[in-house]
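Heads up: the structure comes next, in structure tokens.
In what follows, chains are A, B, ... by sequence order, proteins preceding strands, each numbered from 1.
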Protein chains: 2
Amino acid sequence: MPGPWRLRHDEIVLSQKTRYAIRAMQHLADNYGQGPIQLAQIAEAQNIPAKFLTTILSELSRFGIVDSQRGKDGGYRLAVSPIDITYGDLIRLMRGSLALVPCASRFAHEKCKNCLEEGDCRTRALMLEVRDRTAELLDGVRLSDHIDLVPAQADSEG
Amino acid sequence: MPGPWRLRHDEIVLSQKTRYAIRAMQHLADNYGQGPIQLAQIAEAQNIPAKFLTTILSELSRFGIVDSQRGKDGGYRLAVSPIDITYGDLIRLMRGSLALVPCASRFAHEKCKNCLEEGDCRTRALMLEVRDRTAELLDGVRLSDHIDLVPAQADSEG
DNA sequence: GTATTCTCAACTTAAAAAGTTGACAATAAG
DNA sequence: CTTATTGTCAACTTTTTAAGTTGAGAATAC
């Protein structure tokens, strides 16, 4: 890997919506076992536009991973213990797949547009490998887990 | 991970452009050491819209990873041996980072929009881990490597 | 029955990705 | 030195996706 080739910054992988969903779920996990938590409270604590959170929580509720209750003192709670929800689950739920390319999705597998025949695509095997490693990691951490923060400094590249 | 929660399919990670770039580079790698390869030939062989490939190859050329030559019998060739170019290099070049979220990029690190303070973000450590594992894999495979295709069937999920 | 809280489809806005155009620059061959 | 060939590049159009809002409605509690 020679050369100081210039870097760009775009093509973010986890959308805002997915990230909001993760934070909302973390919030619910933190309050698991207590009464329903109101949307407004989550929005405020997690810095998420309330109206948008509406969409996200309804969706999670339709998925059945969150229970909702209307009316006074209503709100949301996890429908499942936080120990039974992995980050992999959440990401698959919100974005359909952990794969970097369509053809490397184990579940939602489909042909990549404008690609070669799959038998001739040399990138696919690598992307499947990446997907599997990613899944392994993301499915190994649960909403109930405490996650240690590492200092994270720019020593390695990328 | 209980429940048959419905899956979606969107938010693809490697853009068309990045995938085209990878295939174009593979093509050049296959013809490394031979004369310059013309854009039209690459476009045809790799099923890439020729005019769009123009943009991509010019870019790669500006990055210095590809050499170009104009005029009759001109074309493109790798400026660097395929053994010295990893898939990680290519992806970083085209999309700036291997990270799933902005705050987990080692190089192009920046704060995620509308997130909590980094010290309070519990997702970050996990995403850094994912980034590192991905980088490890992608930097371990070179354009010169033959990649074995595995049958890849939907046994595990996601 | 009224205040509260979630529901949801439809809509708007904004941004990014994908791809095209066309004038121009370099090179080779005659 | 002229012509055909091939890459360069900024500007543009089109399409798609993400992000967020609106507003009417449904369930619940008091």
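Annotation: side-chain contact (heavy atoms from CB on, under 4.5 Å) contacts of B:Gln16 (sequence neighbours excluded): A:Lys113, A:Asn114, B:Arg19, B:Tyr20. Taking the ring pair (Phe, Tyr, Trp, His ring centres under 6.0 Å) definition, one finds that A:Tyr76 meets it with nothing, sequence neighbours left out. Scanning for side-chain contact (heavy atoms from CB on, under 4.5 Å) contacts around B:Glu117 gives B:Lys111, B:Asp120, with sequence neighbours left out. The side-chain contact (heavy atoms from CB on, under 4.5 Å) search around A:Asp30 returns B:Arg122, not counting sequence neighbours. Shown here are the side-chain contact (heavy atoms from CB on, under 4.5 Å) partners of B:Ala29, two or more places apart in sequence or in another chain: B:Leu78, B:Pro82, B:Leu143.
Put simply, CG on B:Leu60 is 15 Å from C1' on D:dC9, counting in whole angstrom units. Atom C1' of nucleotide C:dT21 and atom CZ of B:Phe52 are separated by 15 Å, given to the nearest angstrom. Remark: P of D:dG20 and CD1 of A:Ile48 are 10 Å apart, rounded to the nearest angstrom. Note: CZ (B:Arg77) to P (D:dG7) measures 12 Å, nearest angstrom. Distance, A:Leu14 CG to D:dA19 P: 11 Å, rounded to whole Å. Distance A:Glu59 CD to C:dT7 P: 12 Å, rounded to the nearest Å. What separates NZ of B:Lys17 from P of C:dG19 is a distance of 11 Å, to the nearest Å. In this structure, CG of A:Leu53 is placed 11 Å from P of C:dT7, rounded to the nearest angstrom.
Listed candidates were D:dT8, C:dT20, D:dA19. Nearest to the side chain of B:Pro49 is C:dT20. Candidate nucleotides C:dT7, C:dA18, D:dA19 were compared by shortest atom distance to the side chain of A:Ser61, and C:dT7 ranks first.
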Show which side-chain atoms of residues 35-55 of chain B pair as donor or acceptor with protein atoms under 3.5 Å away, not counting sequence neighbours.
residue : atom : partner  : partner atom : Å
B:Gln41 : OE1  : B:His27  : NE2          : 3.4
B:Gln46 : NE2  : B:His27  : ND1          : 3.0
B:Asn47 : ND2  : A:Cys115 : O            : 3.3

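Within the 4.0 Å cut-off from OP1 or OP2 of C:dT5, at least one side-chain nitrogen or oxygen of A:Gln38 is found. For the OP1/OP2 pair of D:dA18 and a distance below 4.0 Å, the side-chain nitrogens and oxygens of A:Tyr20 include no atom meeting the criterion. At the phosphate of C:dT7, OP1 or OP2 sits under 4.0 Å from a side-chain N or O atom of A:Ser68.
If you check every strand for non-hydrogen atoms under 4.0 Å, A:Leu39 touches sugar and phosphate atoms only.
At least one donor-acceptor pair under 3.5 Å links the side chain of B:Asp145 to the backbone N or O of B:Arg142. Looking only at distances, no side-chain donor or acceptor of B:Asp84 sits under 3.5 Å from a matching main-chain atom of B:Ser81.
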Heteroatom pairs (N/O) under 3.5 angstrom, protein to nucleotides 12-15 of chain D:
none

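Residues B:Asn114 and B:Ile37 each lie close to DNA chain D; by heavy-atom proximity, the contact nearer the 5' end of the strand is made by B:Ile37.
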For nucleotides 22-30 of chain D, just jot down a letter per nucleotide in 5' to 3' order: B, S or -, based on protein non-hydrogen atoms under 4.0 Å. BB-BBBBS-
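Of the N and O atoms on the side chains of B:Ser61 and B:Ser58, not one donor lies less than 3.5 Å from an acceptor on the other residue.
Put simply, the side chain of B:Ile91 reaches to within 4.5 Å of the side chain of B:Ile22, judged on heavy atoms.
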